Amino acid sequence: MSHTAIAGAPFVAYRQNDLYLEDVKLSDLARTHGTPLFVYSKAAMLSALAAYQRGFAGRKAQICYAMKANSSLAILQVFAQAGCGFDIVSGGELSRALAAGADAKKIIFSGVGKTRAEMKQALQAGIGCFNVESEAELDVLHEVATRLGVQAPVSLRVNPNVDPKTHPYISTGLKGNKFGVAHERALVVYQHAARLSGLKVVGIDCHIGSQITETTPYLDAMDRILDLVTEIEKTGIHIHHIDFGGGLGINYNGDTPPPADALWAQLLAKLDARGYGQRQLMIEPGRSLVGNAGVCLTEVIYTKPGEQKNFCIVDAAMNDLPRPAMYEAFHQIVAVQPRAGSALTYDVVGPICESGDWLGRDRLLNVQSGDMLAVLSAGAYCMSMSSNYNTRGRPAEVLVDGAQVHLIRQRESAFDTFALESLV
Ligand SMILES: *Cc1c(COP(=O)(O)O)cnc(C)c1O
């Protein structure tokens with residue numbers, strides 16, 4: 001079992017009988033830092049980013065990491081140092097990005113419910129662009145900017161009405177979604193924006209969904225957006241940048257999304273054919289930059305054989321890693337130090353008092369209490385969605401760089417979880 005690679009987890013591999021992330025033995029990390037523990041590979045993140053950078057070689061392109069996927073400061077620092085900007089969705093994310101060393105001019109602000117206070121904070125920080133999602137938001141932003149005596153750079157998020165063929169909870173570009181301005185309304189709304197003195201139209205954007213594994217929805221959305229750019233520019237409004245959002249999927253369970261560079265080779269060919277290849281381009285990838293870079297280590301507390309099901313009860317739960325409970329999402333689960341011998345089929349579940357608290361169903365495992373498991377592809381939308389439900393402190397996080405180990409977040413204590421509360 002020497003150097004056995006694992007599909008979908010490029011920097012995770014067995015050496016002899018031990019699971020490693022880069023050059024770090026995961027059983028050592030679990031012993032030192034306890035479990036549940038999130039561990040991320042810096043090389044995996046930079047390699048995912050490099051695929052986009054290769055795809056955009058020779059173009060004017062800005063990659064804005066959609067930080068809601070994983071907003072831990074040290075993760076943001078890795079991307080900021082690699083030249084990324086950030087796609088934020090709240091004032092809190094703005095504060096985080098700036099604390100991690102982000103360049104404010106490379107920050108774009110998405111989201112359907114930006115408040116006046118958030119707009120003011122972002123204008124004072126001098127962010128690069130507001131991705132505006134409604135006509136009401138345009139008017140409020142104009143008002144806030146005018147009061148501050150500045151002009152807000154804006155792009156309209158257009159809903160291209162393209163089906164990304166992904167889970168309904170993460171489809172965002174269809175007519176029935178709450179996101180963006182309808183394609184049919186876009187021209188009128190652009191003309192309205194151009195008349196507001198507190199705003200400066202700088203771009204157009206779209207984001208059609210998440211965990212997209214096909215190229216066609218992107219090509220279709222691009223056609224729809226370019227049609228609009230042509231129409232808008234005919235009215236004398238210049239669209240400086242075109243932002244194609246994020247959404248590229250990763251391999252969780254044999255999924256085969258196109259590599260970022262291959263996807264962009266096709267998209268750029270279309271842009272070139274339509275005469276837009278030299279425009280300033282922007283993208284907002286989240287999951288595809290961090291998803292496969294992380295694992296969650298968890299200890300088996302009990303095994304519980306049953307008449308219909310066997311349960312493997314672990315110390316990680318839906319509060320730490322909510323994707324299975326929330327979307328019935330699949331994460332591979334493997335032993336950190338596999339045992340020889342025969343395996344049983346288990347549902348891997350957490351200790352939380354909810355039947356939805358599971359991490360994996362019908363998994364073939366040979367485990368005993370005290371064993372360590374690794375939940376793979378846990379870099380995106382896991383820790384950033386974690387909570388304190390059941391008064392569980394959130395896990396610690398570790399960043400691995402070659403053989404180096406950095407503790408980037410301490411484990412929360414029970415006291416931390418109620419530190420802001422008071423008795424009456
Ligand atoms: C969540 C989000 C992204 C990132 O999506 P991924 O699927 O993680 O790449 C990009 N843009 C917007 C507006 C988003 O809401």
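Counting starts at 1 for both ligands and their atoms, in listed order. Keep in mind it's a predicted model, so treat the numbers as computed, not measured. All values below come from the heavy atoms of this structure, side chains included, with hydrogens, waters and symmetry mates left out.
- Shown here is Gln410, whose CD atom has no more than 12 heavy atoms of other residues, nucleotides or ligands within 6.0 Å.
- For atom 7 (O) of ligand 1, the closest non-hydrogen atom of the protein is Ser210 OG, 2.3 Å.
- Each of the atoms 9 (O), 10 (C) of ligand 1 lies under 4.0 Å from some heavy atom of Gly246.
- Counting heavy atoms closer than 4.0 Å to ligand 1, residue Ile212 contributes nothing at all.
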message: Run the side chain to side chain donor-acceptor pair (under 3.5 Å) test on Gln332 and Tyr252 for me, step by step, so that the C-alpha distance in whole Å, both residues' side-chain angles and the decisive distance to 0.1 Å come before the verdict.
response: CA-CA 7 Å; Gln332 281 192 70; Tyr252 284 107; over 6 Å; no
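- Of the protein's heavy atoms, Lys68 NZ, 2.8 Å lies nearest to atom 14 (C) of ligand 1.
- Between Pro36 and the choices Leu321, Asp320, Asn319, the side chain to side chain contact (heavy atoms under 4.5 Å, CB included) rule is met once, by Asp320.
- Only one option out of Glu354, Arg323, Met326 pairs with Met318 in a side chain to side chain contact (heavy atoms under 4.5 Å, CB included); it is Glu354.
- Looking at ligand 1, you'll find an N or O of Glu284 within less than 3.5 Å of one of its N or O atoms.
- Inclusion of Tyr381 in the set of residues having an N or O under 3.5 Å from an N or O of ligand 1 is warranted.
- No side-chain heavy atom of Val375 sits under 4.5 Å from any side-chain heavy atom of Val314.
- Residue Trp264 is tested with Phe244, Tyr218, Tyr52 for a ring pair (Phe, Tyr, Trp, His ring centres under 6.0 Å); the sole match is Phe244.
- Using a 4.0 Å cut-off to heavy atoms of Pro285, the atoms of ligand 1 that qualify are 9 (O).
- Protein heavy atom closest to atom 5 (O) of ligand 1, with residue, atom name and distance, is His207 CE1, 3.4 Å.
- Ligand 1 places these atoms under 4.0 Å from at least one heavy atom of Ala66: 3 (C), 4 (C), 10 (C).
- Within ligand 1, the atoms closer than 4.0 Å to a non-hydrogen atom of Arg157 are 13 (C), numbered from 1 in the order shown.
- Checked by distance only, ligand 1 and Gly247 come closer than 3.5 Å through their nitrogen or oxygen atoms.
- Stacking of Arg363 on the aromatic ring of Phe330 is recorded, both the 6.0 Å distance cut-off and the 45° axial limit being met.
- Considering backbone and side-chain atoms together, Ser110 places no N or O closer than 3.5 Å to any N or O of ligand 1.
- Which parts of ligand 1 touch Arg287 is read off a 4.0 Å heavy-atom cut-off, strictly below it: atoms 6 (P), 8 (O), 9 (O).
- None of Glu137, Arg157, Glu284, Lys114 except one satisfies the side-chain hydrogen bond (donor to acceptor under 3.5 Å, both in side chains) rule with Asn131; the exception is Glu284.
- Between Pro285 and Ile63, some side-chain heavy-atom pair lies under the 4.5 Å cut-off.
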